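Report on the structure given below.
It should be emphasised that the depicted structure is a prediction, and the values quoted were computed from it without experimental measurement. Below, all heavy atoms of this structure are taken into account, side chains as well, without hydrogens, waters or symmetry copies. Counting from 1, the numbers follow the sequence of the chain as shown.
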Amino acid sequence: MENIFYKFLEMHGFTNEELNILTDDFKSAAYNIGLSEDDIEYAMNIWIPNNWDITLKGIRMCIGAYIREFIEISKIEKYKEQGIKIIYGISPSHSSLFRAIKLSDENNIFVSYPDFLYSIVVGGFFNRIDLLNDDDDKLSVRCRHCSLNRIRLNTANREIIPAPDVIWSWGFYCDEAPKTEELINIISDNKWNYIISRIPHDVSNGEEEDKNKDRVEYLAEQFKDAHREISKITGTKINNKSMYESLTENSKYSKKLDELTRLVSNTDPQPMGGNELALFGTTNSMTFNTGYYYFEKAINTILEEVKQRILSKIGILPIGSPKLGCHFTPICVPWVERTFFENGVSISFSSHLSFSKRQFNPFDYADPYMMAAQIWLRTASSVNSGYQIKLMSEMISEYDVDGMLYGFFTFDRWLGSNQNMILKRIEEETNVHHFYIEGDFWDDTNFKKSDRKGRIQSIAYFLKTKKLMTSKVYAESMKKQEKNKWLGTKH
């Protein structure tokens with residue numbers, strides 16, 4: 001077989017120089033988790049073209065950025081031998097706090113989120129999430145444990161992911177994540193050093209937490225405490241300079257992401273799908289040891305391509321077609337978004353990865369840790385349900401959608417229960433229909449396309465029927481499409 005690893009990297013924007021250096025590294029990284037040449041070929045020729053719009057160069061480049069980090073993670077043992085300190089993060093968290101650790105000493109510190117990265121690459125790009133599961137799972141998906149934590153536990157236990165010098169575990173709303181680190185140390189010989197940060201959820205329902213100075217200060221001190229502990233472990237002080245630099249990087253990229261999100265979500269016909277859009281947004285939820293460089297190149301490219309599609313009136317579905325927003329488009333199981341697409345409904349923005357105008361308001365403080373705390377407390381998923389309803393309603397009002405889609409986190413003690421409680425209230429505030437699908441964002445082991453297709457078709461049928469009754473543009477578009485179908489013309 002021709003070198004399929006070389007061809008895969010070439011397809012995703014690697015330069016000739018990179019191909020010569022990284023092809024063997026990619027092959028080694030793939031073999032390390034059990035990916036075969038057949039898996040690479042299947043992904044390149046079938047899975048990725050069917051689930052990701054690789055006619056867009058920016059999408060191929062973005063996938064390439066993830067693959068670069070995938071290769072980096074496979075080199076961790078080598079980096080440890082060189083004396084480089086290894087720091088892991090977990091999701092949900094804000095990437096700026098972890099990026100600041102990397103920027104404090106770029107040559108001697110490695111920072112990444114291996115479990116999150118593997119879930120996207122192995123599940124989303126290769127459809128082989130089974131490689132990260134164990135027959136003897138201690139956190140069984142069937143017991144509704146978080147698959148991301150389960151993947152971290154399994155890969156740590158099998159030493160696919162080497163033990164870090166420290167993992168900073170955010171328990172600000174995921175309370176199972178810190179317990180996972182404890183469990184790793186109980187059942188595995190691969191002992192992990194971990195730091196846990198928590199905040200009590202003791203504010204009044206509806207309170208705007210980012211305006212509560214005491215709460216902002218408490219959270220900022222949690223960040224500082226963790227950085228002080230990590231500084232002791234790495235021997236490198238994490239200072240305000242690296243924090244400011246990290247926040248600046250994040251702000252620059254976030255503004256481009258916001259521009260892309262609004263172009264995609266508020267243009268008719270929609271120029272790009274929700275899978276592709278979400279792929280650019282994870283940089284706010286995870287830190288890449290490879291940094292922003294490759295994502296910057298990819299997002300600059302996709303912005304130009306999307307603008308060109310808009311000028312040419314090229315859309316993924318006919319003009320007027322229904323659009324859904326989503327809490328977090330499930331990119332680890334990309335067939336969900338594609339099944340909606342096959343039924344005439346597009347998914348656009350992910351609220352977890354997008355911004356309301358409020359989130360770009362000036363900070364109330366000059367201290368970078370206080371700034372980071374305000375960012376976290378302006379994020380809908382991080383705050384009390386009353387404030388979350390307000391933040392979500394504001395965001396939805398800024399995007400052109402016919403409905404909102406939730407679910408895929410039914411296992412989560414915070415998101416799973418909270419989403420069910422707040423959906424009706426947000427629906428009442430926005431007059432936008434809200435829908436819920438049972439599923440798992442990280443892993444489709446326990447649910448398949450055949451299981452959820454009927455539910456997706458029902459949602460799509462409802463949205464299309466309502467659109468036909470209320471939109472002359474969509475009705476005319478459908479008449480034209482039906483005529484073209486019977487004439488046998490391409491449409």
Side-chain angles (χ1 to χ4, degrees), residues 58-59 62 91-96 116 120 173 210 247 250-268 270-286 292 295-296 298-299 302-303 306-307 310 316 322-332 334 336-337 340 345-361 374-383 387-409 415 418-419 422-423 426-427 429-430 432-435 441:
I59 300 305
C62 192
S91 182
S93 57
H94 196 278
S95 60
S96 292
F116 197 169
I120 294 172
Y173 69 81
D210 58 307
L247 289 167
N250 179 261
S251 176
K252 178 183 174 186
Y253 185 86
S254 294
K255 287 173 182 175
K256 291 181 181 180
L257 178 61
D258 183 57
E259 180 185 4
L260 179 64
T261 302
R262 292 177 190 277
L263 284 172
V264 169
S265 303
N266 294 336
T267 301
D268 192 14
Q270 185 175 319
M272 187 176 78
N275 274 347
E276 291 74 21
L277 184 56
L279 205 59
F280 286 92
T282 63
T283 50
N284 276 330
S285 297
M286 62 190 293
Y292 280 95
F295 285 97
E296 285 271 7
I299 202 168
I302 201 66
L303 275 167
V306 163
K307 288 173 184 176
I310 292 170
I316 58 173
K323 296 181 184 181
L324 277 172
C326 187
H327 168 70
F328 193 158
T329 305
I331 53 178
C332 301
V336 172
E337 189 258 13
F340 273 102
V345 174
S346 63
I347 291 180
S348 57
F349 78 101
S350 296
S351 60
H352 183 66
L353 306 176
S354 305
F355 310 94
S356 67
K357 292 175 182 175
R358 174 192 293 258
Q359 288 170 283
F360 288 110
N361 285 348
Q374 275 205 305
I375 290 172
W376 186 254
L377 295 174
R378 288 175 179 173
T379 304
S381 299
S382 308
V383 295
Y387 193 24
Q388 183 178 6
I389 290 165
K390 181 175 183 177
L391 291 172
M392 285 295 301
S393 299
E394 285 179 0
M395 181 179 291
I396 292 167
S397 71
E398 294 175 21
Y399 293 98
D400 178 19
V401 290
D402 301 286
M404 288 294 297
L405 179 66
Y406 297 82
F408 308 107
F409 290 91
L415 288 175
N418 201 36
Q419 285 184 358
I422 67 174
L423 298 195
I426 301 175
E427 192 172 58
E429 290 287 331
T430 60
V432 171
H433 294 287
H434 281 53
F435 305 94
F441 177 91

Derivation of the side-chain contact (heavy atoms from CB on, under 4.5 Å) call for D210 and Y387: CA-CA 10 Å; D210 58 307; Y387 193 24; 2.5 Å; yes

Could you grab the distance from atom [atom1] of [X] to atom [atom2] of [Y], nearest 0.5 Å is fine?
X: I120; Y: I331; atom1: CD1; atom2: CD1; answer: 4.0 Å
X: M404; Y: S351; atom1: CE; atom2: OG; answer: 4.5 Å
X: I396; Y: I426; atom1: CD1; atom2: CD1; answer: 5.5 Å
X: Y406; Y: I422; atom1: OH; atom2: CD1; answer: 6.0 Å
X: T267; Y: I310; atom1: OG1; atom2: CD1; answer: 3.5 Å
X: C62; Y: I299; atom1: SG; atom2: CD1; answer: 8.0 Å

Aromatic ring pairing Y253/Y292, orientation class (parallel under 30°, perpendicular over 60°, tilted between):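 Taking Y292 first and then Y253, their aromatic rings sit tilted (interplane angle of 30° to 60°).
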
Is the ring pair H352/H327 parallel, tilted or perpendicular, if the boundaries are 30 and 60 degrees?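 Tilted: the ring planes of H352 and H327 meet at 30° to 60°.
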
Decide whether T430 and S393 meet the rule of one side-chain donor and one side-chain acceptor closer than 3.5 Å.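 No, no side-chain donor-acceptor pair sits under 3.5 Å.
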
Evaluation steps, side-chain contact (heavy atoms from CB on, under 4.5 Å), between K323 and S265: CA-CA 8 Å; K323 296 181 184 181; S265 303; 5.6 Å; no

Are [X] and [Y] packed together at the side-chain level, in the sense that at least one heavy-atom pair is separated by less than 4.5 angstrom?
X: F280; Y: K256; value: no
X: E427; Y: F435; value: no
X: T282; Y: F328; value: yes
X: M272; Y: I59; value: yes
X: F355; Y: S254; value: yes
X: F340; Y: T329; value: no
X: Q359; Y: D258; value: no
X: I302; Y: E276; value: no

For [X] and [Y], work out which heavy atoms get closest and say how close.
X: P334; Y: N275; result: O-ND2, 3.1 Å
X: Q388; Y: V383; result: N-CG2, 3.8 Å
X: V432; Y: H434; result: O-ND1, 2.8 Å
X: S346; Y: I316; result: CB-CD1, 3.9 Å
X: F116; Y: S285; result: CE1-CB, 4.1 Å
X: I389; Y: E429; result: CG2-CG, 4.2 Å

Does R358 pair with E394 as a salt bridge, N-O distance under 4.0 Å? yes

Working for side-chain contact (heavy atoms from CB on, under 4.5 Å), residues L277 and T261: CA-CA 7 Å; L277 184 56; T261 302; 3.9 Å; yes

Begin with the C-alpha distance, continue with both residues' side-chain angles, and end with the deciding distance and a verdict on side-chain contact (heavy atoms from CB on, under 4.5 Å) for I375 and L247. CA-CA 10 Å; I375 290 172; L247 289 167; 3.8 Å; yes

